[in-house]
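The next block holds one structure in the form of structure tokens; read it before the comments.
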Protein chains: 2
Amino acid sequence: MNTATILSAIGRHISLTDDETAFFTSLLLPQRVRQGEMIEREGELTRCFIFVNAGCLMTYFTDKEDVDHVIQFATTGWWTGDLHSFTKQIPSIYTTKGLADSEVWLLPKASMEQLLERIPRFERYFRIIFQNSLITQQHRIIQSYSATADERYQQFREKYPSLEQYVPLKYIASYLGITPEFLSKVRRRLMEKS
Amino acid sequence: MNTATILSAIGRHISLTDDETAFFTSLLLPQRVRQGEMIEREGELTRCFIFVNAGCLMTYFTDKEDVDHVIQFATTGWWTGDLHSFTKQIPSIYTTKGLADSEVWLLPKASMEQLLERIPRFERYFRIIFQNSLITQQHRIIQSYSATADERYQQFREKYPSLEQYVPLKYIASYLGITPEFLSKVRRRLMEKS
DNA sequence: ATAGTTTATTGAACTAGGTTAAGACCGGCC
DNA sequence: GGCCGGTCTTAACCTAGTTCAATAAACTAT
């Protein structure tokens, strides 16, 4: 498992010396995640921030009626995990599992703190990552309130074409905030139109 | 208009020397916003990031059917504005206006960049701000998908009791993703119960 | 190959929330 | 004072999306 992907992702926002690169990579823990395997579990503390090196993960919330709600998919090049649990060290309300056999880099909380202290440019890096993520989440909220399920599905397909290969429809439905049955109807309507 | 509020908000996350404080405050532009006045408008570039010193603002999105969707309220101590427009310098899709006579500090984009360059600890400050905001938005998405309008309204009241004094019900309805008429029903049901 | 499990689809009955329209209330303002 | 524009509520009807139940198709594991 090599560091090319993660270093290039970071290189898009900040540049590092060779020493800094070496220090950073020394903090990373490689891990494999099999399809269906859970890497973080509801109720446990999130000890690591997760970078997807290959494959695909999803993070979901299980409500009081035991229904899962997908809050995020993450493919190659994305960070994921429960930020709330990670930063405050409280039990997570989310579960993260592999949608395909995947490889991830784990950055433990203590390592993250060392990293930010020793190379403050990483503050910048994560500031930019979180800022972009925030913009995306705001769009998602708007969409969920102003677009119909049909529109949301079409925009999802346009925005994340690469996900369709990994993600079962029922999880896409969940991500869109509808039932799998209704997604079926939506898909049918779209097929009939074209 | 004095800088005590904004400095204390920042002091909660990073500490500054007197020189740094002076430099930071020299970048801020004070502005008054009257109730109903728009401080950022859909279609225009967002030139400044906004800190609410007193009063209350709201940011909303107007959809193709001309319906407004409130995406954020901001009272004393909160940053607001359209991050997407601000960072990429593209026309904003949001409008921000005063819900009450308010005072804000404006931080122009160029000043923000100078600030981050000269005092990299501000990268840390904004990293933390965005990270917390991201956590909040994720909760909001979960809620919109897993809670009923009744539950969302009650949780809103618990979470932001201070907003009720400023915010007309129709905007609360919009924030919750329902119509004002339906919020009326919800409120009535709650009254009858207790 | 076969049985068992998970995923996707279909249709009928249902409900949370939307729409439309009307009236009550309230505050500003000439 | 009286009018006017905005806010809130009520009620009757409407619809996007849910629930439930049955079936088909696709994986998995023996």
Side-chain angles (χ1 to χ4, degrees), chain A residues 34-38 56 58 60 62-70 73 95 97-101 141 143-157 163-193, chain B residues 34-38 56 58 60 63-70 73 97-101 141 143-157 163-193:
Chain A
R34 310 217 140 263
Q35 177 167 27
E37 186 186 341
M38 291 168 188
C56 186
M58 80 173 195
Y60 59 95
T62 306
D63 71 19
K64 52 192 188 305
E65 262 99 37
D66 224 56
V67 179
D68 291 346
H69 301 272
V70 175
F73 298 113
T95 302
K97 77 174 189 188
L99 281 174
D101 291 350
I141 290 175
Q143 279 227 348
S144 88
Y145 287 156
S146 70
T148 63
D150 296 61
E151 291 164 337
R152 261 141 58 211
Y153 177 59
Q154 292 197 66
Q155 288 179 31
F156 175 85
R157 295 188 62 181
L163 284 177
E164 289 192 284
Q165 63 181 117
Y166 294 123
V167 185
L169 288 169
K170 63 171 186 162
Y171 295 137
I172 295 179
S174 168
Y175 181 86
L176 297 175
I178 57 178
T179 56
E181 293 90 338
F182 192 66
L183 179 56
S184 268
K185 278 190 211 167
V186 167
R187 283 161 54 79
R188 196 182 186 196
R189 280 204 288 264
L190 290 179
M191 297 262 302
E192 283 168 358
K193 261 189 212 162
Chain B
R34 311 219 140 263
Q35 176 166 26
E37 187 186 339
M38 292 170 188
C56 186
M58 80 174 195
Y60 59 95
D63 72 18
K64 53 190 187 303
E65 262 100 37
D66 224 55
V67 179
D68 291 346
H69 303 272
V70 176
F73 298 113
K97 77 174 188 187
L99 281 174
D101 291 350
I141 290 175
Q143 280 228 348
S144 88
Y145 286 155
S146 69
T148 63
D150 291 57
E151 292 164 336
R152 263 142 56 211
Y153 176 58
Q154 291 196 66
Q155 288 178 30
F156 176 86
R157 294 189 62 181
L163 284 178
E164 289 193 282
Q165 63 180 119
Y166 294 123
V167 185
L169 288 169
K170 62 172 187 162
Y171 295 138
I172 294 179
S174 169
Y175 181 85
L176 297 175
I178 58 178
T179 57
E181 293 88 342
F182 192 66
L183 179 56
S184 267
K185 275 189 213 170
V186 167
R187 285 161 53 79
R188 196 181 186 197
R189 281 204 288 262
L190 290 179
M191 297 262 301
E192 283 167 0
K193 263 191 212 160

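Keep in mind the model is a prediction, meaning the values are calculated, not measured. Chain letters run A, B, ... following the sequence lines, proteins first and then strands; every chain starts at 1.
OP1 or OP2 of dG11(C) has at least one side-chain nitrogen or oxygen of R188(A) nearer than 4.0 Å. The phosphate of dA8(C) (OP1 or OP2) has no side-chain N or O of S184(A) nearer than 4.0 angstrom.
The backbone N or O of A147(B) lies less than 3.5 Å from a partner atom in the side chain of R152(B), making a donor-acceptor pair. D150(A) places no side-chain N or O within donor-acceptor distance of the main-chain N or O of V186(A), the cut-off being under 3.5 Å. Between the S144(A) side chain and the I141(B) main chain, no donor and acceptor come within less than 3.5 Å of each other.
Each of E181(B) and V186(B) lies near DNA chain C, and the nucleotide nearest V186(B) is the one positioned closer to the 5' end.
Atoms CZ (R187(A)) and C1' (dT10(C)) sit 14 Å apart, rounded to a whole Å. As a whole-Å value, the separation of I178(A) CD1 from dG17(C) P is 16 Å. Rounded to whole Å, atom P of dA8(C) lies 17 Å from atom CZ of F182(A). Computed from coordinates, the R152(B) CZ to dA16(C) P distance equals 13 Å when rounded to whole Å.
Contact annotation: side chain of K185(A) to base of dG11(C), donor-acceptor pair absent below 3.5 Å.
The existence of a salt bridge linking E192(A) and R188(A) is confirmed by a sub-4.0 Å separation between a basic side-chain nitrogen and an acidic carboxylate oxygen.
Among the atoms of the strands shown, none is found under 4.0 Å from any heavy atom of G36(A).
For DNA chain D, the outermost nucleotides in 5' to 3' order that have an atom under 4.0 Å from a heavy atom of chain A are dG17(D) to dC20(D).
Within the model, atoms CG of L183(B) and OH of Y175(B) stand 14.0 Å from one another, a figure rounded to the nearest 0.5 Å.
The side-chain heavy atoms of P168(A) and L99(A), taken from C-beta on, include a pair separated by under 4.5 Å.
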